[in-house]
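Just below is one structure, and these are the notes that go with it.
Residue numbers count from 1 along this sequence. Since this is a predicted model, take the numbers as computed values, not measurements.
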Amino acid sequence: MSSTSNNSSNTVETLIKCINFAAVKHRDQRRLDPEDTPYINHPIGVAYILTNEAKVTDINVIQAAILHDTVEDTNTTFTEIEEHFGSKVCSIVAEVTDDKSLPKHERKALQIEHAPTCSPEAKLVKLADKLYNLRDLERAIPRKWTADRVKQYFNWSKKVVDGLRGSNKSMEDSLDALFKKREVK
């Protein structure tokens with residue numbers, strides 16, 4: 001058996017704690033795809049894009065990716081995130097969390113407006129989130145979505161991504177390929 005450094009062990013423990021926390025919070029949620037995919041696949045997939053495609057190694061960014069929808073879509077509070085995962089992770093999660101008390105069109109406009117001013121860490125999470133969601137739309141259209149709604153989502157995503165540019169070439173290139181395929185300008 002190989003030995004591991006204490007730092008490595010702490011990182012693994014931290015990530016498993018984070019994944020477990022998100023899994024418990026999202027346990028009853030499903031994606032809107034025809035397969036009713038467990039929702040937890042999304043934040044894990046966002047973290048996977050960051051680590052495997054974007055080569056991000058910042059543990060705070062990876063944790064924030066795993067937790068990025070917990071406050072927005074569950075009964076989780078920012079206080080809870082901070083208590084369990086620290087102020088840096090909480091700050092990144094806060095930057096990528098929409099205020100669900102606002103109308104949908106306003107939330108979408110605010111994402112476009114705030115994208116350029118996000119921290120570098122939040123920009124990475126947002127890019128990976130958009131990449132995951134757009135790939136998922138390529139794979140399967142959510143129930144009750146029309147082709148026009150999918151097109152609108154791609155067009156809106158491009159506007160958000162444009163405000164995040166200069167953050168990670170690998171993810172930006174992958175997103176640009178999706179936009180080109182869909183003829184999004």
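Asn41 and Arg30 share no side-chain donor-acceptor pair at under 3.5 Å. A donor atom on one side chain and an acceptor atom on the other are not found under 3.5 Å apart for Gln63 and Thr14. Side-chain atoms of Asp148 and Gln152 include a donor-acceptor pair closer than 3.5 Å.
Under the 4.5 Å side-chain criterion, counting only non-hydrogen atoms from C-beta, Ser170 is not in contact with Asp173. The shortest side-chain heavy-atom distance between Arg182 and Lys151 does not fall under the 4.5 Å cut-off. Looking at heavy atoms from C-beta onward, Arg31 lies out of side-chain contact with Pro142 at the 4.5 angstrom threshold. For the pair His26/Thr70, a side-chain contact is recorded, criterion being any heavy-atom separation below 4.5 Å from C-beta on.
Counting all heavy atoms, side chain and backbone alike, Gly166 lies closest to Glu172 at N-OE2, 3.0 Å. Nearest heavy-atom pair, Val46 versus Ala65, reported as atom, atom and distance to 0.1 Å: CG1-CB, 3.9 Å. Closest non-hydrogen pair, Ile66 versus Pro43, comes out as O-CB, 3.2 Å. The two residues Ala64 and Val125 have their closest heavy-atom pair at CB-CG2, 4.2 Å.
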Thr51 vs Val56, side chain to side chain contact (heavy atoms under 4.5 Å, CB included): CA-CA, chis, key distance, verdict: CA-CA 5 Å; Thr51 58; Val56 172; 5.8 Å; no
With side chain to side chain contact (heavy atoms under 4.5 Å, CB included) as the test, would you mind laying out the steps for Lys123 and Thr117 before giving the verdict? CA-CA 9 Å; Lys123 286 181 178 184; Thr117 62; over 6 Å; no
Candidate pair Leu127 and Leu131, rule side chain to side chain contact (heavy atoms under 4.5 Å, CB included), full reasoning: CA-CA 6 Å; Leu127 281 171; Leu131 184 53; over 6 Å; no
Would you sort out whether Thr76 and Thr74 count as a side-chain hydrogen bond (donor to acceptor under 3.5 Å, both in side chains), showing the intermediate values? CA-CA 5 Å; Thr76 307; Thr74 75; 2.7 Å; yes
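Annotation: side-chain hydrogen bond (donor to acceptor under 3.5 Å, both in side chains) contacts of Thr57 (sequence neighbours excluded): none. His114 pairs by the ring-ring contact (aromatic ring centres under 6.0 Å, His included) definition with nothing, not counting sequence neighbours. By the salt bridge (Lys or Arg N to Asp or Glu O under 4.0 Å) test, Arg143 is found to be paired with Asp36, residues two or more places apart in sequence or in another chain being considered. Applying the salt bridge (Lys or Arg N to Asp or Glu O under 4.0 Å) criterion to Lys181, with sequence neighbours excluded, gives Glu138. With sequence neighbours left out, His42 forms a ring-ring contact (aromatic ring centres under 6.0 Å, His included) with Tyr39, His68, Tyr132. Listed by chain and residue number, nothing satisfies the salt bridge (Lys or Arg N to Asp or Glu O under 4.0 Å) test with Asp99 (two or more places apart in sequence, or in another chain). In this structure Glu183 satisfies the salt bridge (Lys or Arg N to Asp or Glu O under 4.0 Å) test with no other residue, sequence neighbours excluded.
The backbone N or O of Asp33 sits nowhere less than 3.5 Å from a side-chain atom of Thr37 that would complete a donor-acceptor pair. Of the possible polar contacts, one joining the Lys17 side chain to the His84 backbone as a donor-acceptor pair under 3.5 Å is found. The closest donor-acceptor contact from the side chain of Lys130 to the backbone of Phe154 lies at 3.5 Å or more, if one exists at all.
Of the charged side-chain nitrogens involved, none lies within less than 4.0 Å of a carboxylate oxygen, so that Lys126 and Asp129 do not count as a salt-bridged pair. Between Asp98 and Lys108, no side-chain nitrogen of the basic residue sits less than 4.0 Å from a carboxylate oxygen of the acidic one, so the salt-bridge criterion is not met.
Applying the side chain to side chain donor-acceptor pair (under 3.5 Å) definition to pairs two or more places apart or across chains, those involving residues 155-164 are Lys158-Asp162, Asp162-Arg165. Judged as a salt bridge (Lys or Arg N to Asp or Glu O under 4.0 Å), the pairs with a partner in residues 78-94 (not counting sequence neighbours) are, in order, Lys25-Glu80, Lys88-Glu121. Screening residues 45-72 for salt bridge (Lys or Arg N to Asp or Glu O under 4.0 Å) gives Glu53-Arg135 as the qualifying pairs, with residues at least two apart or on separate chains.
By the 4.5 Å side-chain criterion applied to Ile, Leu, Val, Met, Phe, Trp and Tyr, Leu110 is assigned to a cluster that also includes Leu102. Annotation for Val89: hydrophobic cluster partners, listed by chain and number, are Phe21, Leu67, Val71, Phe78, Ile81, Phe85, Val93 (ILVMFWY side-chain heavy atoms under 4.5 Å, direct or chained).
Interatomic distance, CD1 of Ile16 versus OG1 of Thr11, reported as 11.5 Å (0.5 Å rounding). Atom CG of residue Leu15 and atom CG of residue Asn10 lie 11.0 Å apart, to the nearest 0.5 angstrom. A distance of 9.0 Å separates CG of Leu164 from CG of Leu124, quoted to the nearest 0.5 Å. With rounding to the nearest 0.5 angstrom, the CD atom of Gln111 is 8.5 Å from the SG atom of Cys118. The structure places CG of Leu178 at 10.0 Å from CG of Leu137, a figure rounded to the nearest 0.5 Å.
By the 6.0 Å contact criterion, NZ on Lys185 is open, its count of non-hydrogen atoms from other residues, nucleotides or ligands being 12 or less. Taking a 6.0 Å sphere around OH of Tyr48, one finds it holds 12 or fewer heavy atoms contributed by other residues, nucleotides or ligands.
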